[in-house]
Structure formats: C-alpha cells, structure tokens
Chemist: 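Supplied in structure tokens, the structure appears directly below.
Within every chain, numbering begins at 1; the chains are lettered A, B, ... in the order of the sequence lines, protein sequences first and strands thereafter. FYI, side chains are in, hydrogens and waters are out, and symmetry mates aren't considered; it's all heavy atoms of this structure. Being a predicted model, the structure only gives us computed values, none of them experimental.
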Number of protein chains: 2
Amino acid sequence: MTTSCIIRHFEHYAELAGDDHDLLTSLEKSPQDYPRNTVIWNQGQQSEHFFTVQSGWACSYRNMEDGSRQVLDLYVPGDIIGLREFAFRRRVSNLMVVTDARLCPFPKYHLSEVFQSSRLLCNLFFLIAARDQAVLVERLINLGRRTAREKVAHFLLEMGHRLDKACMDVYDCNHLPLTQVLLADALGLSTVHLNRTLQELKQERLVSLGPDGTTLLDRDGLVEVAGFDPEYLQEDVDGMLKSLGKNVSPMV
Amino acid sequence: MTTSCIIRHFEHYAELAGDDHDLLTSLEKSPQDYPRNTVIWNQGQQSEHFFTVQSGWACSYRNMEDGSRQVLDLYVPGDIIGLREFAFRRRVSNLMVVTDARLCPFPKYHLSEVFQSSRLLCNLFFLIAARDQAVLVERLINLGRRTAREKVAHFLLEMGHRLDKACMDVYDCNHLPLTQVLLADALGLSTVHLNRTLQELKQERLVSLGPDGTTLLDRDGLVEVAGFDPEYLQEDVDGMLKSLGKNVSPMV
DNA sequence: CGCTTCATTGAACCCACTCAAAGGCCGTGG
DNA sequence: CCACGGCCTTTGAGTGGGTTCAATGAAGCG
C-alpha cells in the first residue's frame, strides 16, 4: 500500500503536519478501479464527490446538441477532479476515464470541514483552484487565438509539464495515451485536421505517433512552434506560505 | 456613502453576521476611480491586490505575440477580480477598465486571514472561485464548438444574466457598453466578422446597436440561437450552507 | 480641426471543415 | 484460429465560414 494520492499531491506543495495528514487521509475513501472508457458521472447528476487520480488518465467533457463534444480538461495522477463543482448541486460536465485508472473519491461537503480544521490545507485547496483557473485560461487562449499547429503543440507541452510534476516511477512524461479523437475534441479541431497537423509535426521530428498515443520528441522545437511559456503552471507556494506566517499580525 | 461593494456582493449569497461584515469591510481599501481605458495592471507585474468592482466595467486580457488579443473575462459591478492570481506571484494577464469605473482594491494575502477567521466567508470565497471556473468552462465551449452566431448570442446572454444579478438601480441589464473590437477579442473572431454577425442579429430584431454598445432586445430569441442554458451561473448556495451546518458532526 | 478609434462594407483568400473511403488494429465470438 | 465488426487512423477532394486587406464614414477628443 503506497501513500494515498491526495497526500502525495499536497506534499508536493508543502510539508504536512500530522494533523493535516490525518485529516486528508480521513477524507479519502478506498480507491476504485475503472476500466478504460468508463463514464464516472454525467452532466446533471448529483454532485457529491470529488476524485483524486491515483493512476491513469481521465477527462471532463461536454456533449453538444449537434452531437459534437468539447473536452474541457484532462487529469493525470495527482490531480484533483471536480473542485469547480463545489458551487453547484449538479454536475456541469461529464467525466470519464480514458485509460484504465484508479481514482479516490471523497465527499464534497467534507471540504468545508477541512477548511475549518486546517489553515494550511484551506489555503492549498484555494491555491489549487486558482491554478485550475489559470490552466483553463490558457486553454481559452489556445482555442481563441492560435492556429491548429500552435494549438496542438501548446496542448502537448502543457500535458508534458503536468506529467513532469505528477511523474513518479512508471510514467513516461513525454507520452500521452490519448486518441486523436480525444485530442481533436479538446482542441476544437476536427479529427481529420488534427491528424494532418500531427503528421506535419511528425515530419518535423517534433512528435512520434504510435498506436497507443502521441509522444513528445523535441520539446524545445514544440515550444518554438507554440510560443509556450510555462509560467502559468508554476504556482507561488512559497509566497503563500510566507503570508500564512505573516497574517497573524494585526491588519493594516 | 453606500454599502461597500464587496459586502453587497456577499450579501447576495448569504446573510452576514456582524463579525463577517466587519472582517470584509476591513479588507477593503477606499475605492478608486479610473477613467475609461485605464490599464490597471500588466502581465508579469507583482500580484498584490484583488479588486472588487463598485461601478463600471473591466476586462482581463492577454496580448499575443502576433499583436492580437484574447479577452479572458469581463467584470461587472459586484464581481471580484483576480482570485485566479492567488496562486501566482506575478500577474498572468492584463486588466483594464473599459468604462469609467470605481474599483476597490484589497490586499491579496489578507485573504488567508479571512479564511481563518470566518468559516462562512471562506466557503463563499471558494464558491465564487468555483463559479468563476464554471464561467471559464462555458467560455471555453463557446470558443471551441460554436459558430460565430452562437458565440455572439451566447456571450451576450451570459453578460445579461450576470448583469441581472449585479443590477442595482442605475444599470440597464440589457445594455452592454462594449466596443465591437472588445467583443471580437473576447469571442475569438475578427472585428469584421463580428460586425457582420451583429448586423445579422440586428436584422432579426434580437439586438440593437448603438454608438455606446449593444443592447439585448429579445432574450428568448437569443436563447434559441445560442442554445443557452443558464444553469452554470446558478450557484447552489443553500446546499453549501446546509453542509456548513452538518459538518460539525463526526466524519463518516 | 486634424487625429485617432470605432463601425461598416466589399472583395478575395485560406484555414480548417465536411464528406467519403480505405486500411490497421484489436477484441470477441463462432 | 479465423472471421467479423467496431473504433481509430489516414488520405483525397471539395466546400465554406471566417479571415485578411482595403477603404470609407462617423464619432469622440485634444
């Protein structure tokens, strides 16, 4: 039995005291395994749990009236799924796992308890929510103002960076086990055009395409193509922690 | 002197006890006035304050290398600006006011103090952050999977709904004082095509165009065009509050 | 009263989409 | 073990929604 995944996620940011450690652990129900392509929840269903990803990949998406699909976000090991549903009674998007995966559910409304009990955890949760927003913003820019080439390169790099952080042992941080259909739906492209764009990048030796997904071969080259700046993925945990120490002083 | 804008914003969600009231008020520095088109901060600058909007409109945006611009979000009275920068030392986007506006700055790191002092406020801030994410998600879908017509109609309706909530006295909730340049940059369209699309909607008596912005004439008609579902703007405050009452019981 | 920004219209172009079809891979069942 | 069907990938050809370029008018402002 390894460390629970949410603990690992938070320890990535800061050292946890014993109390905080126990508090987090108590939230986490036993992990559950899901085979590839399992739908975890659908839009409109009651929203009662968050999940953390212990292994495998998941994605949230929305089905459109015309039959198309928009993939909203991808989740890799260590990620927390569903924070944005905190504000809502019902799910605002669908969730499925795209590889065999192990997820850890924990009850949504216990988050309030955590907020009350631990100042550090409260701030860390807020920081994670803020980072999630920054990721969404960057994806927004991707969809609004970049060409297909740039979109693809940028997205691949973002996932690469996120894998770097999540990476423990088993994962190849340059390999994304995603179908082209999924990528296309994430980037707002047709599968046909996504494929052509990937072929192009493959010709330039920037990526390789296998039956099990896409692999980043030349990150620097991709950065060039995408105009990628990873700053939006680098949280300022230190600054936040420092302020936690400061703000016991009287307010100005 | 009216009630401070952040108080008003939070009281929209829940009744505030005296303590919470004072706590919020103490955070808020004196309001500052900015003339139309003033840039409040730029990407890369130190991130030290949030703002609340007391009057007027603001927008956050990112300038692209090729000279184009992506507008990320618009802010109307009552909104909180900059929560997503909580995680970062430096600004990840630019902010400007698009009309004459009065904003209330409050120091970013005092948020941690609020979290510690008030359970209710902590949860409300988290709820607002989650709602902000939902808004971004919907804008993501807008950019990824809708036609120009749908994009425009959907965006206008979203802002209309947000105005409905903010609306006090002076504002016409169907009027958006935004240039077409701004709208185009928000929707990932060229100004030329945005203009043509607006003309089209005007022909159909769904909107009217004036020198001072766009006005929604027929919301039902626009809903038809956009396939608009306002659910993502309706937070479940009651559910959250109820859980605040519950979670003093031992954890399951 | 000129300068700048915004709105509007026309014309040509192009990036990405749609439609269509074929090939590869894999799981399943006969 | 092979045959079948489904899903994904790949490629070709034609189309179209939205872009770019360009120019004009209108409005606000110093």
Side-chain angles (χ1 to χ4, degrees), chain A residues 35-39 57 59 64 66-71 96 98-100 142-155 176-203 207-215 225, chain B residues 35-39 57 59 64 66-71 96-100 142-153 155 176-203 207-215 225:
Chain A
R36 202 156 70 88
N37 293 335
T38 308
V39 174
W57 290 60
C59 79
M64 309 295 289
D66 64 359
S68 67
R69 181 177 71 154
Q70 176 67 48
V71 168
M96 67 182 288
V98 296
T99 67
D100 293 341
N142 225 17
L143 290 179
R145 288 289 169 203
R146 285 199 254 256
T147 65
R149 255 176 85 83
E150 294 167 339
K151 285 181 185 182
V152 173
H154 196 281
F155 188 80
L176 317 182
L178 308 171
T179 67
Q180 295 186 11
V181 176
L182 186 81
L183 277 177
D185 284 343
L187 296 172
L189 297 171
S190 67
T191 59
V192 173
H193 195 61
L194 175 79
N195 179 266
R196 282 194 242 268
T197 307
L198 279 176
Q199 297 292 336
E200 205 179 297
L201 296 177
K202 179 184 168 189
Q203 294 305 320
V207 305
S208 71
L209 307 177
D212 53 347
T214 303
T215 303
V225 171
Chain B
R36 203 156 70 89
N37 294 335
T38 309
V39 174
W57 289 60
C59 80
M64 308 296 290
D66 65 358
S68 67
R69 181 176 71 154
Q70 176 67 49
V71 168
M96 67 182 288
V97 295
V98 296
T99 67
D100 292 342
N142 224 17
L143 290 177
R145 289 291 170 202
R146 286 199 253 256
T147 64
R149 257 175 84 81
E150 293 167 340
K151 284 181 186 182
V152 174
F155 187 79
L176 316 183
L178 308 171
T179 68
Q180 294 186 12
V181 177
L182 186 80
L183 276 177
D185 284 343
L187 295 172
L189 297 171
S190 66
T191 58
V192 173
H193 195 61
L194 175 78
N195 180 269
R196 283 195 242 270
T197 308
L198 278 177
Q199 297 291 339
E200 204 179 297
L201 296 177
K202 179 185 169 189
Q203 293 305 321
V207 305
S208 72
L209 308 177
D212 53 349
T214 305
T215 303
V225 170

Chemist: Of Thr38(A), Leu178(A), Leu176(A), which meets side-chain contact (heavy atoms from CB on, under 4.5 Å) against Val98(A)?
Modeler: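 So the option named by the test is Leu178(A).
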Chemist: If you only use heavy atoms from C-beta on, which nucleotide in dT19(D), dT11(D), dC8(D) is closest to the side chain of Val192(A)?
Modeler: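 Per side-chain heavy atoms of Val192(A), the pick is dT11(D).
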Chemist: Of Pro211(A) and Thr191(B), whose closest DNA chain C nucleotide lies nearer the 5' terminus?
Modeler: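 Going by which nucleotide is closer to the 5' end, it is Thr191(B).
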Chemist: For Ser190(A), answer base if it contacts any base atom (sugar-phosphate contacts may also be present), sugar-phosphate if it contacts only those atoms, and nothing otherwise; contact means non-hydrogen atoms under 4.0 Å.
Modeler: base
Chemist: If you check every side-chain atom of Arg196(B), which of dT9(C), dT10(D), dT18(C) has the closest atom?
Modeler: dT9(C)
Chemist: Just compare dT10(D), dT19(D), dA7(C) and give me whichever is closest to any side-chain atom of Gln199(A).
Modeler: dT10(D)
Chemist: Starting at the 5' end of DNA chain D, which residue's closest nucleotide do you reach first, His193(B) or Val181(A)?
Modeler: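 Its nearest nucleotide lies further toward 5', so the answer is Val181(A).
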Chemist: Would you say the side-chain atoms of Asp185(B) pair up with the backbone N or O of Gln70(B), donor to acceptor, closer than 3.5 Å?
Modeler: no
Chemist: Just call it for Gly210(B): base, sugar-phosphate, or nothing, with non-hydrogen atoms closer than 4.0 Å on any strand.
Modeler: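 No contact.
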Chemist: How is Arg149(B) classified with respect to the nucleic acid when contacts are heavy atoms under 4.0 Å: base, sugar-phosphate, or nothing?
Modeler: nothing
Chemist: What is the distance, to the nearest angstrom, from the NZ atom on Lys202(A) to the C1' atom on dT10(D)?
Modeler: 10 Å
Chemist: What is the separation between atom CG on Asp66(B) and atom C1' on dT20(D), rounded to the nearest whole Å?
Modeler: 13 Å
Chemist: Quick one: label Gly213(A) by what it contacts on the DNA or RNA (base, sugar-phosphate, nothing), any heavy atom closer than 4.0 Å.
Modeler: nothing
Chemist: Please determine, for the side chain of Thr179(B), which listed nucleotide (dC6(C), dG18(D), dT11(D)) has the closest atom?
Modeler: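 Closest nucleotide to the Thr179(B) side chain: dC6(C).
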Chemist: Can you tell me how far P of dT10(D) sits from CD of Gln203(A), to the nearest Å?
Modeler: 11 Å
Chemist: Under 4.0 angstrom, heavy atoms only, what part of the nucleic acid is Thr147(A) near: base, sugar-phosphate, or nothing?
Modeler: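 Sugar-phosphate contact only - Thr147(A) comes under 4.0 Å of backbone atoms but never of a base.
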Chemist: Rounded to whole angstrom units, what separation is found between the CG atom of Leu187(B) and the P atom of dG17(D)?
Modeler: 18 Å
Chemist: Counting just side-chain N and O atoms, does Asn195(A) come under 4.0 Å of either OP1 or OP2 of dT9(D)?
Modeler: no
Chemist: Rounded to the nearest angstrom, tell me the gap between atom CD in Gln180(A) and atom C1' in dC25(C).
Modeler: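 Whole-Å distance recorded here is 14 Å.
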Chemist: dG18(D), dT8(C), dA16(C): which one has an atom nearest the side-chain heavy atoms of Leu189(B)?
Modeler: dG18(D)
Chemist: Specify the separation, in whole Å, of atom CG of Leu143(A) and atom P of dC15(C).
Modeler: 19 Å
Chemist: Ignoring hydrogens and angles, tell me if any N or O in the side chain of Arg149(A) forms a donor-acceptor pair with the backbone of Thr197(A) under 3.5 Å.
Modeler: no
Chemist: Over all heavy atoms of both residues, which pair between Leu183(A) and Leu194(A) is shortest? Give the atoms and the distance, please.
Modeler: CB-CD2, 3.5 Å
Chemist: Does a side-chain N or O from Arg36(B) land closer than 4.0 Å to OP1 or OP2 of dT5(C), or not?
Modeler: no
Chemist: What is the distance, rounded to the nearest whole Å, between atom CG of Asp212(B) and atom P of dA26(D)?
Modeler: 18 Å
Chemist: Rounded to whole angstroms, how far apart are CG on Asp185(B) and C1' on dC6(C)?
Modeler: 13 Å
Chemist: Using side-chain heavy atoms (C-beta onward) and a distance below 4.5 Å, is Arg69(B) in contact with Val181(B)?
Modeler: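 Yes, side chains in contact.
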Chemist: Any donor and acceptor pair, going by atom type alone, linking the side chain of Asp100(A) with main-chain N or O of Pro35(A) inside 3.5 Å?
Modeler: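 No: the side chain of Asp100(A) does not pair with the backbone of Pro35(A).
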